[in-house]
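Here the structure is laid out as structure tokens; the discussion comes afterwards.
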Amino acid sequence: MSQQPVLLPYADPAFVADPFPLYRRLREEGPVRRAVVVGGMDVWLVTRYEDGLAALSDPRLSSDIRDASDPRLLERLPEFERESMMSNMLRSDPPDHTRLRRLVSKAFTARRVAALRPRIQEITDRLLDAVVPAGRAELVGDLALPLPVTVISELLGVPVDDRHDFQRWTDAMLVRGEEMPDPAVVDEAWHQMHAYLTKHLYSKRTRPGDDLLSALISAHDEEQRLNHDELIATAFLLLVAGYITTVNLIGGGIAALLANPDQLTLLRDRPELMPDAVEEFLRYDGPVSPGIARFAREDVEIAGVTIPRGATVLVASAIADRDPERFPDPDRLDVTRRDSGHLAFGHGIHYCLGAPLARLEGQIAIGTVLRRLPDLALAVAPTELSWQPGSLRGPVRLPVTFTSPGGERDGTPGPVQHTEGDRR
């Protein structure tokens with residue numbers, strides 16, 4: 001199949017704000033499309049749900065970028081990603097992935113995540129206490145950003161005095177803002193974070209605490225443990241899974257509700273729908289766009305299209321999750337939708353380990369906003385909202401108004417329900 005690759009126009013603010021019309025056209029034109037995405041990377045987009053689901057479980061499609069035939073892909077990676085690739089669970093395949101995930105899972109348990117509920121509620125309320133009297137807020141900077149970074153800092157045992165630097169380095173590495181990243185700034189932030197985590201790891205080895213990093217240090221399986229590089233890579237991976245994607249889930253979820261006031265009213269009136277609503281936010285406009293990269297170990301046929309060995313395959317979850325063959329009326333936000341099964345957290349052996357924590361933070365944060373900030377509305381025209389360019393998607397700022405004073409604290413966020421994704 002010969003195709004001219006379509007260029008995804010990340011320099012176009014209209015596309016960045018709403019990529020879904022182009023995504024819809026690409027899906028309608030064919031199940032597999034060549035495209036040029038952020039960073040000039042030439043990929044094969046898998047645009048339909050069933051094909052994407054199968055591709056994410058196909059062992060012929062590797063997570064290891066060293067299986068890519070284009071050497072420029074490795075060169076384009078920030079220095080820290082090249083250095084940590086051998087130790088990164090996200091970029092490894094079995095048997096290395098199996099060992100790393102098993103060890104990390106021993107420390108990052110469902111019980112540990114569930115125990116965070118009261119603390120997440122406490123942090124959320126404290127952050128909203130600071131803005132309620134004013135009757136206006138910027139919900140990314142005032143809530144969606146500081147909540148996950150506080151949670152992940154506490155999980156990793158980062159002292160309070162170090163958290164400002166910790167967030168600054170993380171923001172630089174994970175590229176929050178309206179502009180594409182400066183590689184030199186990204187690498188400098190990584191070197192500072194690497195030096196800090198190395199020092200922090202030494203401290204936890206000598207004085208372990210009741211935190212995730214201490215648990216990762218002690219995690220073992222028979223005689224196997226995580227080595228230093230694996231611990232650093234895992235800590236960084238937890239930052240990605242537990243920080244920026246959750247920022248985008250919270251900010252993007254609230255933005256979706258503000259654009260769909262009937263759904264906002266319904267969810268405020270029926271808070272028990274919050275677990276399903278969070279799944280719908282992830283399906284409707286998830287925090288990663290267009291999707292998840294894999295690399296063909298051999299020639300692979302997908303939907304009748306032969307993808308050559310070494311090619312980059314992008315399972316376009318943001319496109320597939322609006323496939324009308326899988327989701328009825330897919331371009332409509334519906335917080336009562338029960339059949340989630342979205343691909344926002346991936347599928348198969350690489351299904352996101354941090355998904356339960358992201359869900360919990362999203363449910364508590366958005367539920368508390370709806371409970372405590374009545375008459376919530378955008379403070380600017382929808383066209384004035386700015387969105388992150390590139391592969392991570394979410395509003396950069398979300399200015400809102402509401403009636404002050406807000407509702408009282410009651411410490412009763414909506415119930416957490418297990419979903420199909422938790423059991424994969």
Side-chain angles (χ1 to χ4, degrees), residues 43-44 46 50-71 73-74 77 80-110 113 212 215-242 245 288 291-302 306-317 320 341-358 391 420-424:
V43 304
W44 295 76
V46 179
E50 289 301 329
D51 298 321
L53 193 71
L56 289 172
S57 298
D58 192 330
R60 298 173 300 172
L61 297 177
S62 169
S63 294
D64 190 335
I65 198 171
R66 290 168 298 180
D67 285 317
S69 59
D70 186 348
L73 289 179
L74 191 57
L77 283 179
F80 73 87
E81 287 202 62
R82 295 196 298 270
E83 291 178 352
S84 67
M85 191 165 30
M86 292 289 291
S87 309
N88 190 325
M89 183 170 61
L90 187 65
R91 292 193 181 275
S92 63
D93 294 315
D96 291 337
H97 173 269
T98 306
R99 180 184 67 86
L100 290 169
R101 188 174 180 107
R102 184 169 59 236
L103 287 167
V104 174
S105 296
K106 287 177 177 292
F108 197 54
T109 62
V113 171
L212 179 58
L216 287 169
I217 290 168
S218 64
H220 63 89
D221 187 6
E222 296 177 350
E223 296 303 316
Q224 295 183 330
R225 292 180 181 271
L226 295 169
N227 63 37
H228 175 81
D229 289 339
E230 291 166 346
L231 283 165
I232 294 286
T234 299
F236 177 72
L237 181 57
L238 290 170
L239 282 173
V240 176
T245 51
V288 176
I292 304 162
R294 295 288 187 265
F295 309 98
R297 296 181 188 274
E298 57 188 76
D299 289 358
V300 177
E301 183 177 306
I302 299 178
T306 299
I307 298 173
R309 179 181 181 273
T312 300
V313 178
L314 197 62
V315 179
S317 54
H342 57 75
L343 301 179
F345 286 135
H347 177 69
I349 63 170
H350 284 281
Y351 185 80
C352 179
L353 193 66
L357 178 58
S391 58
E420 178 186 358
D422 289 326
R423 295 189 289 269
R424 284 179 182 159

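Values in this document were obtained by computation on a predicted structure and should not be read as measured data. Every heavy atom of this structure was used, including side-chain atoms; hydrogens, water molecules and symmetry mates were not.
- Residues satisfying the side chain to side chain donor-acceptor pair (under 3.5 Å) test with T109, not counting sequence neighbours, are none.
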Assess whether side chain to side chain contact (heavy atoms under 4.5 Å, CB included) is satisfied between L216 and V104, documenting all intermediate values. CA-CA 6 Å; L216 287 169; V104 174; 4.1 Å; yes
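- For the atom pair CG (D64) and CZ (R294), the distance works out to 11.0 Å, reported to the nearest 0.5 Å.
- Closest of all the heavy-atom pairs between P308 and A296 is O-CB, 3.6 Å.
- A donor-acceptor contact closer than 3.5 angstrom is absent between the side chains of S63 and H97.
- With rounding to the nearest 0.5 angstrom, the CD1 atom of I302 is 5.5 Å from the CG atom of L61.
- Contact record, E301 with R60: O-NH2, 4.3 Å, taken as the closest heavy-atom pair.
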One pair to check against side chain to side chain contact (heavy atoms under 4.5 Å, CB included): R309 and D299. What are the steps and the verdict? CA-CA 4 Å; R309 179 181 181 273; D299 289 358; 3.6 Å; yes
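- For the pair D93 and R297, the salt-bridge criterion is met [side-chain N within less than 4.0 Å of a carboxylate O].
- Shown here for R99 and R225, the closest heavy-atom pair between the two residues is NH1-O, 3.6 Å.
- For the pair Y351 and G346, the tightest heavy-atom approach, listed with the atom from each and the gap, is CD1-O, 3.4 Å.
- A side-chain contact (heavy atoms from CB on, under 4.5 Å) with V315 is found for exactly one of L56, D58, D51, V43, namely L56.
- Side chain of T98 to backbone of P94: no donor-acceptor contact under 3.5 angstrom is found.
- The two residues L100 and M89 have their closest heavy-atom pair at C-SD, 3.9 Å.
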Should F108 and V113 be marked as a side chain to side chain contact (heavy atoms under 4.5 Å, CB included) after you check the CA-CA gap, both sets of side-chain angles, and the distance that decides it? CA-CA 7 Å; F108 197 54; V113 171; 4.1 Å; yes
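- Note that the CG atom of L103 and the OG atom of S218 stand 10.5 Å from one another [nearest 0.5 Å].
- H347 places no side-chain N or O within donor-acceptor distance of the main-chain N or O of A54, the cut-off being under 3.5 Å.
- Taken from OG in S92 to NE2 in H350, the straight-line distance is 6.0 Å, to the nearest 0.5 Å.
- The line from CG of L353 to CG of L237 is 8.0 Å long, rounded to the nearest 0.5 Å.
- Summarising the geometry of T312 relative to A293, their closest heavy-atom pair is CG2-CB, 4.5 Å, with the distance given to 0.1 Å.
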